[in-house]
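Structure, as structure tokens:
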2 protein chains.
Amino acid sequence: MIQNLTEHDRENLQESLAKSGQKVTPQREAVFTVLLADRDHPTVDEVFNRAREVMPGLSLATVYNCLETFVGCGLVRQVNHERESTRYCPNLAPHAHFRDKETGRVHDIELPADVIKSLRSILPPGFDSEAIEISFLGRAQGGDAHPTL
Amino acid sequence: MIQNLTEHDRENLQESLAKSGQKVTPQREAVFTVLLADRDHPTVDEVFNRAREVMPGLSLATVYNCLETFVGCGLVRQVNHERESTRYCPNLAPHAHFRDKETGRVHDIELPADVIKSLRSILPPGFDSEAIEISFLGRAQGGDAHPTL
DNA sequence: GGTTAGATTTTGAATCATTCTAAACAGGGA
DNA sequence: TCCCTGTTTAGAATGATTCAAAATCTAACC
């Protein structure tokens, strides 16, 4: 059941693309819609399959292209775990990831500003960090206690 | 210039392997020696090339095997950045990684216990974490201010 | 309406790190 | 010596991702 984009999301898409001189296309809209529909950090393949349901002619390469474009204009983040397939996450707020060893599912963990600050403070002088990535590996009980948002 | 293992390192190798019922072999010793010689987080290929200098017949598959074995018995850690080749790190103390955007080099950053604790504390109840991975991305000035340990 | 330029999409081939497979090898007991 | 088991080896296979080139689309201009 893939809903259409809300007015707000569509504008967000259109503006973010415009900022880097790019346009909204039906494919990009479809891929973006899929990402927002289920925030379960899908792989490219999962996005591809879901988007196909609504746009059967869509090609895998296009999904790669769209996702790369979105990452480029800051609409989504990549999530990697070791060398497994890259996953995609439309949550823009600063957050860490928790990967469940058993299920492989990735959960978002809110990241308070003071924790970020204390992390940055461990860098010796001369190290300028633009981005921090934090991921936990372990077991999450009661899977849905903290929905995968 | 690849030195031999120190008495201490050799014992460490031998004991760690023994714990999981495995033996020291010339290949494992060579690979381990390479890892300790330059702690610059080499890729498998780099390890392979360095180890070849001292053991010309060594095969790439064996390097993969050795490194996997070492990871399995806790002698080394894998370091991943996005989907680039996996790198290997013989630093066992808890530490974060800082990846220099320009050079691609990875630096170890000491990780104080209290920072680890504050990180663990952001996990909602029900999330049990066994491992945390932290990596910074940015620019490190004066490359060797904090040697790659 | 037709034309052109530029971006976007598509298909299929290519790449590259890693894993797998099956055969050769080594070394320590029986 | 002969097994047994673990290890190494070479090469094939895998799988995610990227690339290349042709096809398509869109918007702007005439």
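All chains are named by letter (A, B, ...) in the order of the sequence lines, taking the proteins before the strands, and each is independently numbered beginning at 1.
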Give the nucleotide from the list [options] with an atom nearest to the side chain of [X].
X	options	result
T62(B)	dT7(D), dT9(D), dG12(C)	dT9(D)
Q27(A)	dT10(C), dA16(D), dT9(D)	dT10(C)
S59(B)	dT7(D), dT9(D), dT9(C)	dT9(D)
S85(A)	dC20(C), dT19(C), dA16(D)	dA16(D)
K23(A)	dT18(C), dA27(D), dT7(D)	dA27(D)
T25(A)	dT8(D), dT7(D), dT9(C)	dT9(C)
L58(A)	dT18(C), dG11(D), dT10(C)	dT10(C)
A61(A)	dT17(D), dT7(D), dC19(D)	dC19(D)

For the rings on H97(A) and H41(A), is their centre-to-centre separation under 6.0 Å?
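Yes, the ring of H97(A) comes within the 6.0 Å limit of the ring of H41(A), centre to centre.
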
Please tell me whether F127(A) and F136(B) form a close aromatic pair, meaning their ring centres lie under 6.0 Å apart.
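They do not qualify: ring centres at least 6.0 Å apart.
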
Rounded to whole Å, please give me the gap between [atom1] in [X] and [atom2] in [N].
X	N	atom1	atom2	result
E82(B)	dT18(D)	CD	P	10 Å
R83(A)	dA17(C)	CZ	P	8 Å
L60(A)	dA13(C)	CG	C1'	14 Å
L17(A)	dA7(C)	CG	C1'	13 Å
M55(B)	dT7(D)	CE	C1'	12 Å
E68(A)	dC19(D)	CD	C1'	11 Å
R52(B)	dT8(D)	CZ	C1'	13 Å
R87(B)	dT18(C)	CZ	P	10 Å

Considering residues, nucleotides and ligands other than Q27(B), do more than 12 of their heavy atoms fall under 6.0 Å from its CD?
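Check passes, neighbour count above 12.
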
With a 4.0 Å cut-off on heavy atoms, is [X] in touch with a base, just the backbone sugar-phosphate, or nothing at all?
X	value
T43(B)	nothing
G21(A)	nothing
N65(B)	base

Salt-bridge criterion met for D100(B) and R139(B) (N-O under 4.0 Å)
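Salt bridge between D100(B) and R139(B), a charged N being under 4.0 Å from a carboxylate O: yes.
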
5′-ward residue of the pair C66(B)/E84(A) relative to DNA chain D
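Nearest nucleotide further toward 5': that of C66(B).
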
Candidates Q78(B), R39(B), E46(B), R77(B) - the one meeting side-chain hydrogen bond (donor to acceptor under 3.5 Å, both in side chains) with Y88(B):
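Among Q78(B), R39(B), E46(B), R77(B), the one meeting side-chain hydrogen bond (donor to acceptor under 3.5 Å, both in side chains) with Y88(B) is Q78(B).
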
